[in-house]
Protein chains: 2
Amino acid sequence: MSEAPRAGILVTGTEVLTGRVRDRNGPWLADRLLEAGVDLAQIAIVGDRPQDLLATLESMASEGLDVVLTSGGLGPTADDLTAEVVGSFQGREMVLDEALEGRIAEILRPLAARYPDIDRDAIAHGNRKQATIPRGATVLEPVGTAPGLVVAPAEGREGPTVVVLPGPPRELQPMWKQAVATEAWRSAIADARVYRVEMLRLFGIPESEIAETLRHAEREGVDLSALEITTCLRSGEIEIVTRYEPEAQSAYDQFARIVATRHADTLYSTDGTTIDAQVAALLRGERLEATVTSSDRPAAGEPDGLVGAVHTIAVAESCTGGLLLARLTDPPGASEYVLGGVVAYSNEAKIAQVGVPRETLETHGAVSEQVAQALAEGARTRLGAELGVGLTGIAGPGGGSEQKPVGLVWLCVSAADGASLTRSVRLPGGRPDVRERSALIAMHMIRRLLSGERDDVKRRAV
Amino acid sequence: MSEAPRAGILVTGTEVLTGRVRDRNGPWLADRLLEAGVDLAQIAIVGDRPQDLLATLESMASEGLDVVLTSGGLGPTADDLTAEVVGSFQGREMVLDEALEGRIAEILRPLAARYPDIDRDAIAHGNRKQATIPRGATVLEPVGTAPGLVVAPAEGREGPTVVVLPGPPRELQPMWKQAVATEAWRSAIADARVYRVEMLRLFGIPESEIAETLRHAEREGVDLSALEITTCLRSGEIEIVTRYEPEAQSAYDQFARIVATRHADTLYSTDGTTIDAQVAALLRGERLEATVTSSDRPAAGEPDGLVGAVHTIAVAESCTGGLLLARLTDPPGASEYVLGGVVAYSNEAKIAQVGVPRETLETHGAVSEQVAQALAEGARTRLGAELGVGLTGIAGPGGGSEQKPVGLVWLCVSAADGASLTRSVRLPGGRPDVRERSALIAMHMIRRLLSGERDDVKRRAV
């Protein structure tokens, strides 16, 4: 394997540096570089001062990086200086590209028409500034009004090729496709191998189990040296990201099969789809991709009866205070299957809004198996939904007791046909952790019920 | 004003570099540096490779930075290399601090007792590794198990002082206080001036109005050159952050008074408190700090009758799907005043769960003034709350029409005493923007009603 090309990402903008605006471009570009077979050496965030920008470019050059991606600083005003600084860094003078000036003017025309009072001189000046680029640079057509650039070092000079991209993610992301299609980019990363990147997601096991599975795979003779495996624990879920060259496909397949066999009950995604996307698809009546690629084991299937029809859902949640409903209604088109729900914070709301019997609350307390089940049933029947979810717990910091400590949560998902799942958990962490994690567990329980899993009747009769 | 000391922040960790974990330390430390009067030149994110860490330290040194703050890489395992790399960078050999080794062992003792099967040799080895530090470094006592360090260049060498901090924010943040109290830190930033930092928050005006206010302040003779003013538009709110030396207090007071006078109806926070914190305080019955520091103008007051008593609240929301309730229930203790609410996504849910008259829905449509008011009234009366909030709109991408386009939202906040506010807005952006912004507007309407603002009766009778 020849050494992979190395890249730096340079994010500009005082608002990002000072933390007022969160950088979304660095992580997104990091994923693109991973796919492109380019190693990412560092992400640097600098303010709008040209000397800081230039110093960072020079230090990235001195580390021998092959490409640098910049984001931001391409606007029409005088303090947007990235193109000029990159031109000077590459030893290329700035020249007006008149054809580009005309194309930007076309983009601006409807804007100017909408605001008759706008300062036309300022517009024309900004237009010209955005069309002034380093001589010989490859232009990436504007998605907003700012063109991007791919700028190689001037002839006779050495150093990284710089890809200059706009700051707004909705402009940067489409422009990236143009950038990687340019001759200038391809020759800068000529040595790059093409990699495949796959992601497995698991829910409900500790990260140490994965370490044990890796040792097991090695003992089974899987060539792990051909796989770059990164495991990451993120809010209770484990992501296993594997990058490998196409020749290592069979090693990856063996590895994925071992994970699927050893963790059949916790592996829920083999194609990187999130739990939220899976729940939305199942509620829309779509069939999930087979969970497991191995032919040794049938896909953890949805009973065919559930596929093809929309499943309506309603929620009665307490300690999550609306987080579960907000999550379920996040995807476009959620109104097809989410009928609604109740945030029943007080006992009176549980009684009046969901029909939880007062006696159940008094006998078992608000955080109990019985109340979770009554919430699920009440949500389902009152809103006329096929599925109901009930969630009640103690998010803290107050409200805990010895029997019912902060972090105790009861959840129930039940269906019109009598199938149901009821669980309790004791979650660690502070109030936001308990709330987030509870909503996540509910999502996984909805997925499991829709995938055919259910408590046996004895369990329900308890 | 002598030139301020300059700093770099160096965040380590492959998970952060690849975007699997979001960096929270960079923005937090950026704010601390702002307060300490230290200019932040750049934030660099690198993986766990020691050569990348060292190269970045060297490039920061070559840019003449006075201090570098690092986060991460202080764990007990062999791939946690920050202390060693910093030692080598500063020309200081690594030595075992036996007293520190003993203190870390004390911290680990209860852990080892809880897990009898734990590998004691591995623990002892990790303990020794964490107690091995650059000779002459100042130790920052562990918050978790990892000590931090302040490491100046070895005698006879030049370059930045490096403050080595752990990666987990819950360890880094308390340790920062220790770091700034050390002699080594103080002498590294000896030239730093102490600054004051103030934040004003406004809601509901375009950023260009602030630019005009700055010009006005200049014409009025306010010495803006003594104030470093940054304005930032963040999801519909404007933050004005001003940094100044104590001598410029009167310039800042004049500036703040001009903002308060010109933007009396949109300035809602003069002490940096967020709308969520203000709404929580008002619902708990607390008095807000006067909104305006100037004596020219009475504080936008809460009627005294509203202060001192808890105000209960209930919500019926449609297109926000639970976001408003999730936001209201976020603060600890929210169960004191949030009784609950309904996410009434379908028309049937609006009728059955909130009591919106079917006729109102049929006559005016689900997204209308009348339905927003019926939702607020229904939430209030059904849950027995003092305040009710109703919110109905079209979040998109589907569901819009010519009369009622995507982004149209009707909101109503009403109180048991008959006071109410009803508003409609047409929000730009995609589904997540419309949902987030609608919830934000509702928060501001709750604040306004609790601060004594109300529509006149004629408005309500429409």
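If you're wondering where the values come from, they're calculated on a predicted model, not measured in any experiment. Naming convention: chains lettered A, B, ... in sequence-line order (proteins, then strands); numbering from 1 in each chain.
How far OG1 of B:T18 is from CG of A:D31: 7.5 Å, rounded to the nearest 0.5 Å. For the atom pair A:I43 CD1 and B:I43 CD1, the distance stands at 11.0 Å (nearest 0.5 Å). In this structure, the separation between CD on A:E15 and OG1 on B:T231 is 7.5 Å, given to the nearest 0.5 Å. In this structure, CG in A:D23 is found 7.0 Å from CD1 in B:I45, a value given to the nearest 0.5 Å.
When heavy atoms are compared at a cutoff of 4.5 Å, B:L17 approaches chain A by way of both its backbone and its side chain. Residue contact with chain B, scored on non-hydrogen atoms closer than 4.5 Å, is absent for A:Q51. For B:V241, the part lying under 4.5 angstrom from a heavy atom of chain A is the side chain only. Using a 4.5 Å cut-off between heavy atoms, A:V16 does not touch chain B at all. Both the backbone and the side chain of A:D330 come within less than 4.5 Å of a heavy atom in chain B. Only the side chain of B:R6 comes within contact range of chain A, judged by heavy atoms closer than 4.5 Å. Proximity to chain B is limited to the side chain of A:A30, based on heavy atoms less than 4.5 angstrom apart. Contacts of A:A334 with chain B are made by both backbone and side-chain atoms, with heavy-atom separations under 4.5 Å.
Side-chain atoms of A:R435 come within 3.5 Å of backbone N or O of B:T329 as a donor-acceptor pair. In this structure a side-chain-to-backbone donor-acceptor pair under 3.5 Å is missing from B:R49 to A:A41. Judged by distance alone, the side chain of B:R382 and the main-chain N or O of A:A352 form no donor-acceptor pair under 3.5 Å.
Within residues 54-62 of chain B, the residues that have a heavy atom under 4.5 Å from a heavy atom of chain A are B:A55, B:T56, B:S59, listed by number.
Looking only at heavy-atom pairs under 4.5 Å with chain A, the residue among B:E63, B:E239, B:E317, B:Q353 that has the most is B:Q353. Among B:D52, B:T230, B:L323, B:L383, the residue making the largest number of heavy-atom pairs under 4.5 Å with chain A is B:D52. With chain A as the partner, the residue from B:P332, B:S318, B:A344, B:G384 showing the most heavy-atom pairs under 4.5 Å is B:P332. Contact count versus chain B (heavy atoms, under 4.5 Å) is highest, among A:G399, A:G47, A:G341, A:S346, for A:G341. Considering only heavy-atom pairs separated by less than 4.5 Å from chain B, the leading option among A:A326, A:G340, A:P27, A:P432 is A:A326. Of the listed residues (B:L40, B:V11, B:T14), the greatest number of heavy-atom pairs within a distance under 4.5 Å of chain A belongs to B:L40.
Atom CZ of A:R32 has more than 12 heavy atoms from other residues, nucleotides or ligands within 6.0 Å.
Shown here for A:Q42 and B:A44, the closest heavy-atom pair between the two residues is OE1-CB, 3.7 Å.
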Worked verdict on B:L339 versus A:E348 for side chain to side chain contact (heavy atoms under 4.5 Å, CB included): CA-CA 8 Å; B:L339 299 188; A:E348 291 309 314; over 6 Å; no

